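What's counted below: heavy atoms across the whole structure, side chains too, no hydrogens, waters or symmetry copies. Naming convention: chains lettered A, B, ... in sequence-line order (proteins, then strands); numbering from 1 in each chain. Because the structure is a prediction, the values reported are computed rather than measured.
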Amino acid sequence: MEIDKVYEPQRFEPRWAQWWVDSGLYQVTDNPAGPVYSLVIPPPNVTGSLHMGHMLEHTEIDSTIRWRRMLGESTLWLPGTDHAGIATQMVVERKLAEEGLQRRGLGREAFEKRVWDWKKQYGDTIKTQMVRLGTSCDWSRERFTMDEGLSNAVREVFVLLYEKGLVYRGDYMVNWCPRCHTALSDLEVVYDESDGNLWHIKYPVTGEKHHVVIATTRPETMLGDTAVAIHPEDERYAALHGKTVRLPLMNREIPVVLDELADPEFGTGVVKVTPAHDPNDFEAGKRHDLPKVKVIDETGTMTAEAGAFAGLDRFEARKQVVAALDAEGLLVKVDAYRFGLSKCQRCKTVVEPLISRQWFVKTKPLAEPAIRAVEEGQIQFVPENWTKTYFEWMRNIRDWCISRQLWWGHRIPAWHCKDCAEVTVARQAPERCRACSSTNLEQDPDVLDTWFSSALWPFSTMGWPDETADLKNFYPTSLLITGFDILFFWVARMVMMGIEFMGEVPFRQVYIHGLVRDAEKQKMSKTRGNTIDPLVVTEQYGTDAVRMALLLGAAPGTDIVLTEERMASARAFANKIWNAARFLFLKMEYSGVQPCIPEDETRQALRPSASTLLPALEDRWILSRLNRCAEQVNRSLESYRYHEAAQTLWHFFWHEFCDWYVEIKKLRFFENSGLNSDWRNMLTVFESALRLLHPVMPFITEELWQRLASGGNGHPQSISLSSYPTYLPELTDLPAEREMALLQEIITSARTLRADLKLDPRAELNGVLYARGDVAQLAQAQEAVINSLARVRLQISEGPAPQKAAAGRATPEFNLVIDVPQEHLEAQRQRLEKETQQLEKLVANSRRQLGDESFCQRAPSHVVEGIRAKLSEYESQLEKSREALGNLS
RNA sequence: GGGCGCGUAGCUCAGUUGGUUAGAGCGCCUGCUUCACACGCAGGAGGUCACAGGUUCGAGUCCUGUCGCGCCCACCA
């Protein structure tokens, strides 16, 4: 069998599976029985997985598209209607840029046609599909944000909500992005701490000589002021009650109103009220029935209402307003001031609060059951501290502005009558206005927030509103895996919509993983330019290595730091697996052993008794360890402790299987080409380890497993279809583990002596191992192993160690004495002195504890006994060390 | 302002309910071309677990405070 010295993932990965990098699922394509979908990381009790977020993906959409493209047509492109939407959007934006087109001015129809063309072109990479375990379903159906099925669901939900009075249209102060020309939800606004000014401006009191001073960060909005407010209990301004002031520049008379809006502590205690351009002022305006004067329009330009300033850009207007005020002597002072500037999440343009007519969802009635569901434990968060965050948000939830003035997305199923202005909401385009029966109707040009359709994802992907078999089988699913950054955008809204329309929560558990960070702990993002390109690193290190690196860092509740170093060491691990296999294959070839995976019931083969010959110590030991490893890995996966699972596997395979087991087996093979039991056990353990590793490293394990299987029985199926190793209590072999530990200690002692005494690494050492009873027997039985792994020639003696031992190492169980030339004795003295010091410390520490009466009385007896036992060990070791030290002088 | 979280080896992080000598990977030092693997093997150094109190027989782990750092939400004329 030909097998290279170094594992090259690029050669083997494409061969097996279209893969899915992080954690959800992947597809095995070469299976004769047809495509099979296996759940990789989520625990076995998961019946279906809603999974979109991915450690790399959700931080870097652009890369996602590239992942997909690389994966090819039959790739399972895991879910996310909305992310398909976002992906589509990005493709579209890029294409537009390439063709030098502006979205605006293209016209909706032409635009949509173009988008459709591109979607067809990119369809394979950005299609959205629902994934489930072990069932066949219609994979060919493409579910774009704008496709039929989803559109139906969206319209249905919108209409139902509307009929229940949960959707309404209203004039509202919205966050408006003058660049994107759309309203933004609160969540899409980001705050940026910025340096600004606080301008103090005089407003003359009508008919009097004095004036009030107001402070503002946005002087241009004063053109739209329709009142000034003072706090009702602010006695400084009691005289102003019922008065009016003259608005500078506009020469308009505006009232002084009493309102809590004014904070006596801040500034001068007088605040200007601009209902059309500030959310708080808007509310105050409603309280006092103030007119709304709109001085800034949707493009950020001053309107005709701004008088002399009409037509200016809002920032230019600010300068000119300030200059004009200054010229009139109304500018009192300008203070530097830092404040949070609200900006558009997408383009970072300063958001303009504007009044506009938008569609809203009333969230309170939806949020209440969603809160209860979590309170009652119908949904659990992992890690659970996210529950608190969830509650925090849900209990303070605000109505959700769902209309967007964008091109892509689902159009709102509402039609405006051009004759009577009535709005008709319907599933299909209505023929007539419901009020005046006019046929002169026009559909609302707005589209829905992309998260609106995302919120329906758990059921819309399964055919809702039809009562499909999928819905029956898979709703609710058991697990949602996602990142915390979309907890509110997506998760909370799925819960609300799920309960509202399905009457049940959409998933039972929500696993919230960390975000991928770079070495500087920065969130990866395109703007920072610190993205690790998945294509590049996968090419470089292999998918398996990238997966392993991600998982090793995936402790719940923490972010994932992904570094080149970590991926490099994961690649080394893959190479280690590869070379362990290489060793096996070469030896099998040499010995004429047929590679053979024990029949499907591999677990049965794990029984030592299955061998015709008595298993050797190392066999009993490794089978016991394998069993423990399986136990630990299963438990870790079940509790979402992926990093722990990865680490357990790593340690078992590398440091137990390779470092000890294989090394000992080398000796067996060297002696006699191996016995049947040697081969059988080794293959069993290796094969089981592959299966245990498979979810983490699907490709290399599949490749090796296939190679093992191909020499054996019939045509191989996929490793992913084989059973996952689980814990079998009867396989735990404590005596074997104890004996092996002892054997390891003997060998390590000899190696340490050699290194510490700087003895020739190539030379075989002579020495005597003094031990009694069982230990002596073990050493006797494993003499060959000891001699070979430690490169020594030891005699085993049951007698007492000689008083005049030259160099050695003592433990409670044995005393290892090595013949060393005179010139190495100084080194021996140094190590003995160090050892003695350490032991003295330990002895003193243990004695102090045991001397503490209250400790002995109150601590559980096993703890006290443990220390007592340790103490006597330390003491005897210390004694031996001192003796040896004495012998040297 | 409200909420969540972090501070453990040079670096990146683990450390499940408090219990014997606090772990891993990378890096570092020493030695080794040992017939699977130098993406390797063997051995080793390195930590007063941010600081100060408290609870406890016993604290990296629980409580309080201080300092430093991060994130989320709300808001600021």
Practice task
Determine whether the side chains of A:T648 and A:Q632 contain a donor N or O and an acceptor N or O closer than 3.5 Å.
Solution key: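 The answer is no; no qualifying pair exists.
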
Problem - Under the 3.5 Å Watson-Crick or G-U criterion, the dot-bracket string of RNA chain B, with | for inter-strand pairs - result: (((((((..((((.....[...)))).(((((.......))))).....(((((..]....))))))))))))....

Does [X] make a side-chain N or O approach to OP1 or OP2 of [N] shorter than 4.0 Å?
{"X": "A:K576", "N": "B:C41", "result": "yes"}
{"X": "A:K388", "N": "B:C73", "result": "no"}
{"X": "A:W654", "N": "B:C41", "result": "yes"}
{"X": "A:R762", "N": "B:U33", "result": "yes"}
{"X": "A:K758", "N": "B:U30", "result": "no"}

Handout entry: Exercise: identify the closest heavy-atom pair between A:F653 and A:L693
Key =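 Closest approach of A:F653 to A:L693, heavy atoms only: CD1-CD1, 4.1 Å.
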
Handout entry: Among B:A36, B:A74, B:C39, the nucleotide that comes nearest once only the side chain of A:D186 is considered
Key =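 So the side chain of A:D186 is nearest to B:A74.
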
Practice task
Produce a footprint string for nucleotides 15-25 of chain B: one letter per nucleotide, 5' end first; B if the base is under 4.0 Å from any protein heavy atom, S if only the sugar-phosphate is, - if neither.
Solution key: S---BBB--SS

Practice task
Using the C1' atoms only, state how far B:G60 lies from B:U17, rounded to an integer number of Å.
Solution key: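 My reading of the C1' atoms in B:U17 and B:G60 gives 15 Å.
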
Handout entry: Any donor-acceptor N/O pair, A:R754 side chain to A:R791 backbone, under 3.5 Å
Key = yes

Problem - Test item: A:N845 side-chain N/O and A:K841 main-chain N/O as donor-acceptor pair under 3.5 Å - result: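 No, because the side chain of A:N845 does not come within donor-acceptor range (under 3.5 Å) of the backbone of A:K841.
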
